[in-house]
Amino acid sequence: PIMYVETTCPSQFQTAVMGLVSKRKGLIQGSEIHDDLTTIPAEVPLNNMFGFVSMLRSLTEGKGEFTMEYSRYCPAQEDTAQTVLQEYEEQLSAASGTNQKKKQKKR
């Protein structure tokens, strides 16, 4: 799933927060400045949002916050798909190895 994320932080941290969103493969849709606060709307894969709040708080000295809501589904990125397939194949091979050991013990 792709999430719509709206991050709000003091303007002095705008560049750092935009970098944080970009590192998480987010598509930044712009930025708006109101008073001394910057709002950064973006679309980010849900899988990449884990741990976001702690990094955001660290970068903004505890002053940054964000909201997140479902936006749409999208095919997984190639690296994510490869990782999932590799983990699945490892689980299959581990399970088949366990089944063969059980068969050998029964004999």
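Everything quoted here is computed from the prediction, not taken from an experiment.
Cluster annotation: V53 is not connected to F50 through the hydrophobic network of ILVMFWY side chains, with a link wherever side-chain heavy atoms come within less than 4.5 Å. A chain of hydrophobic side-chain contacts below 4.5 Å, direct or via other Ile, Leu, Val, Met, Phe, Trp or Tyr residues, connects Y70 to F52.
Of all the heavy atoms in P41 and G30, the pair that sits closest is CD-O, 3.3 Å. Heavy atoms only, all atoms of each residue included: S71 and Y4 are closest at CB-N, 3.8 Å. Closest approach of I2 to P45, counting heavy atoms only: CD1-CA, 4.0 Å. Across all their heavy atoms, F66 and M49 have their closest contact at CE1-CE, 3.8 Å.
Under the 3.5 Å distance criterion, with hydrogens and angles disregarded, no donor-acceptor pair is assigned to the side chains of E87 and Q91.
For the pair Q14/I33, a side-chain contact is recorded, criterion being any heavy-atom separation below 4.5 Å from C-beta on. Using a 4.5 Å cut-off on side-chain heavy atoms (C-beta onward), V44 and M68 make no contact. Between M55 and K23, the closest side-chain pair of non-hydrogen atoms is not below 4.5 Å. With a 4.5 Å cut-off on side-chain heavy atoms, L59 and L20 count as touching.
A side chain to side chain contact (heavy atoms under 4.5 Å, CB included) with I28 is found for exactly one of I40, V5, V17, T7, namely I40.
To the nearest 0.5 angstrom, T80 atom OG1 is 6.5 Å from N48 atom CG. Taken to the nearest 0.5 Å, the CZ atom of R24 stands 11.5 Å off from the CG atom of L46. Atom CD of residue Q12 and atom CD of residue E61 lie 6.5 Å apart, to the nearest 0.5 angstrom. Between the CE atom of M3 and the CD atom of E43 there is a distance of 10.5 Å, given to the nearest 0.5 Å.
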Between E78 and Q82, is the side chain to side chain donor-acceptor pair (under 3.5 Å) condition met? List the steps.
CA-CA 6 Å; E78 186 65 30; Q82 290 297 326; 3.0 Å; yes
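A donor-acceptor pair under 3.5 Å is formed between the side chain of R57 and the backbone N or O of G64. Side-chain atoms of T8 do not come within 3.5 Å of backbone N or O of T39 as any donor-acceptor pair.
Ion pairing of K25 with D79 is present here, as a side-chain N (NZ or NE/NH1/NH2) and a carboxylate O approach within less than 4.0 Å.
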